[in-house]
Amino acid sequence: AAAMKVEELQFDYSRLAPFERRVMKRLVPFYCVPDDCEILTREGWKKADALTIGEDVLTMDHSTGESEWAPCEDKAIFDYNGVLMNMVNKRDHYTFTPDHRWPINRDTGTRAERHGEIRNIVRGYELRGGYRVPRTSEFTGTESICTPREAAIIGWIVGDGYMRTRKRSPNHTEYLIYQSPKKFLRDIIELVGEDGSVGNPHPDSGVVPIRIVGKFRKRIQELIRTKDEFPALVGRMSRESAEACYQAMMDAEGCGCGAYAKTDRESNFFAQLPGPILDGFQMICQLTGRVAHISSRGAYVSHTFKTIKS
């Protein structure tokens, strides 16, 4: 449904004739954003040159605000020498052609009395100060490569633990979670149950290791063996599993306000250096209706501000 709505409201590049592809694309400003922009695939964020026709990308049905995975049908890349427009705020910077089509939300009624909200598609040059551009959507996918419990345990492993495959045992990957008794140790022990083995606390820090064992270790090994595989795992999670993984990762490496400071405004920081874990975390935020602003130290996460003012 979302993919069909995109085709209806935006230009369908697959219908270009050979002459239009070779000649008219130089004259008509169909195309919208620089080629270094990224699109979300099941494998992670990709630029146009790395995107494969037919692979799933995250699409949005703007009439409902819901998103779903759908195959990429075509790519269109060519030179553009015209003027570019910019949309900038404290943490966002978007560059686009004047004819780029944006989904927008806008309120109806007066400032004192709001009557409702209108969703529409406008071109870049039609953007107005009161328009809000969605930065995330409501992913409702139910198919998942892992259960919410498995996703939560993996969230703890990549957040407060490690996975390791020794050279002498290439077919055996170890999974450990480290936790302080002052924080979430009891919760993690309850979560892993008989699938975990609790070790002795560190003599200085008191931190306790929990090792994943038995058949469940083999199950986790089927899902992920290195950090590099984390984004591709996230791309195959349901909304429920992604939410469970998010909560575990935020408990492990999160701080700020919102649920963690018992306020009514969720704006948290997830501490993680750039790499596949941070990339996967940004994907999780997108799948759970949150916005993640990436920095050199991690990600600032907001659930409240799902739109950017134009």
Side-chain angles (χ1 to χ4, degrees), residues 44 144-165 173-193 195-199 201-202 205-213 216-217 219-221 223-237 239-261 266-288 290-303:
S144 186
I145 194 174
C146 59
T147 67
R149 175 175 177 263
E150 292 168 345
I153 292 173
I154 290 171
W156 278 110
I157 292 170
V158 300
D160 257 353
Y162 74 83
M163 61 191 85
R164 177 177 62 186
T165 303
T173 303
E174 300 175 78
Y175 301 92
L176 278 92
I177 303 169
Y178 294 96
Q179 191 59 212
S180 168
K182 299 178 182 179
K183 295 184 178 180
F184 300 99
L185 178 60
R186 184 175 298 178
D187 295 336
I188 296 173
I189 291 176
E190 182 179 349
L191 176 65
V192 300
D195 296 318
S197 175
V198 181
H202 189 278
S205 65
V207 170
V208 176
I210 303 98
R211 184 182 299 273
I212 306 302
V213 298
F216 189 72
R217 185 205 63 79
R219 169 57 182 159
I220 297 299
Q221 184 171 303
L223 296 171
I224 182 170
R225 298 198 67 181
T226 69
K227 292 183 177 180
D228 290 338
E229 297 173 359
F230 185 59
L233 174 64
V234 172
R236 288 158 179 80
M237 288 184 183
R239 170 68 182 262
E240 185 179 6
S241 292
E243 182 66 38
C245 193
Y246 171 84
Q247 294 298 336
M249 295 180 75
M250 285 302 296
D251 283 342
E253 297 289 351
C255 61
C257 56
Y260 302 91
E266 183 180 351
S267 181
N268 307 300
F269 181 75
F270 175 73
Q272 182 72 214
L273 294 176
I277 301 303
L278 186 58
D279 291 344
F281 180 79
Q282 187 182 22
M283 293 174 65
I284 286 175
C285 289
Q286 192 64 229
L287 295 179
T288 58
R290 298 174 172 91
V291 178
H293 303 277
I294 303 303
S295 75
S296 60
R297 299 184 299 112
Y300 293 91
V301 183
S302 173
H303 186 72

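Values in this document were obtained by computation on a predicted structure and should not be read as measured data.
Two residues are said to be in side-chain contact when any heavy atoms from C-beta on lie closer than 4.5 Å; Ile294 and Gln282 meet this criterion. Residues Tyr178 and Asp160 fail the side-chain proximity criterion, which asks for heavy atoms closer than 4.5 Å. Here the side chains of Phe270 and Tyr300 are not in contact, with every heavy-atom distance at 4.5 Å or above.
Between Ile157 atom CD1 and Ile220 atom CD1 the span is 5.5 Å, to the nearest 0.5 Å. The CD1 atom of Ile154 lies 5.0 Å from the CG atom of Leu223; values are rounded to the nearest 0.5 Å. From Ile284, atom CD1 reaches atom CD1 of Ile277 across 9.0 Å, with rounding to the nearest 0.5 Å. In this structure, NZ on Lys227 lies 15.0 Å from CG on Leu233, to the nearest 0.5 angstrom. Atom-to-atom distance recorded for Thr226:OG1 and Arg164:CZ is 15.0 Å, nearest 0.5 angstrom. Note that CD1 of Ile212 is 10.5 Å distant from CZ of Arg217, once rounded to the nearest 0.5 Å.
In this structure, Arg149 forms a cation-pi arrangement with Phe216, its terminal cationic atom sitting closer than 6.0 Å to the ring centre and no more than 45° off the ring axis. A cation-pi contact links Arg297 to Phe269, judged by a cut-off of 6.0 Å to the six-membered ring centre and 45° from its axis. Relative to the ring axis of Tyr175, Arg211 does not place its NZ or CZ within 45° and under 6.0 Å from the centre.
What you find for Ser241 and Pro148 is that their closest heavy atoms are OG-N, 3.3 Å. Between Leu176 and Pro209, the shortest heavy-atom contact is CD2-CB, 4.1 Å. Closest approach of Pro181 to Gly206, counting heavy atoms only: CD-O, 3.2 Å. Of all non-hydrogen atoms in Met283 and Gly44, the two that sit nearest each other are SD-CA, 3.6 Å. In terms of heavy-atom proximity, Ser295 sits nearest to Pro274 at O-CG, 4.3 Å. Across all their heavy atoms, Val208 and Gly199 have their closest contact at CG1-O, 3.5 Å.
Residues Phe281 and Phe230 place their aromatic rings such that the two centres sit no closer than 6.0 Å.
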Side chain to side chain contact (heavy atoms under 4.5 Å, CB included), that's the test. Do Trp156 and Asp251 meet it? Break it down for me. CA-CA 8 Å; Trp156 278 110; Asp251 283 342; 3.5 Å; yes
Quiz item: Would Arg225 and Thr173 count as a side chain to side chain contact (heavy atoms under 4.5 Å, CB included) if you check the C-alpha gap in whole Å, the side-chain angles of each, and the deciding distance to 0.1 Å?
Solution: CA-CA 6 Å; Arg225 298 198 67 181; Thr173 303; 2.7 Å; yes
Leu185 vs Ile210, test: side chain to side chain contact (heavy atoms under 4.5 Å, CB included). Steps then yes/no.
CA-CA 9 Å; Leu185 178 60; Ile210 303 98; 3.6 Å; yes
Are Val158 and Met163 close enough, and set up right, to give a side chain to side chain contact (heavy atoms under 4.5 Å, CB included), and what steps lead you there? CA-CA 8 Å; Val158 300; Met163 61 191 85; 3.7 Å; yes
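The main-chain N or O of Thr147 is never found under 3.5 Å from a side-chain atom of Ser144 such that the two would form a donor-acceptor pair. Without hydrogens or angle criteria, Ser205 side chain to His202 main chain gives no donor-acceptor distance under 3.5 Å.
Annotation: Glu240, atom CD; neighbour count of heavy atoms from other residues, nucleotides and ligands within 6.0 Å does not exceed 12.
By the 4.0 Å N-to-carboxylate-O rule, Glu243 lies close enough to Arg290 to be salt-bridged with it.
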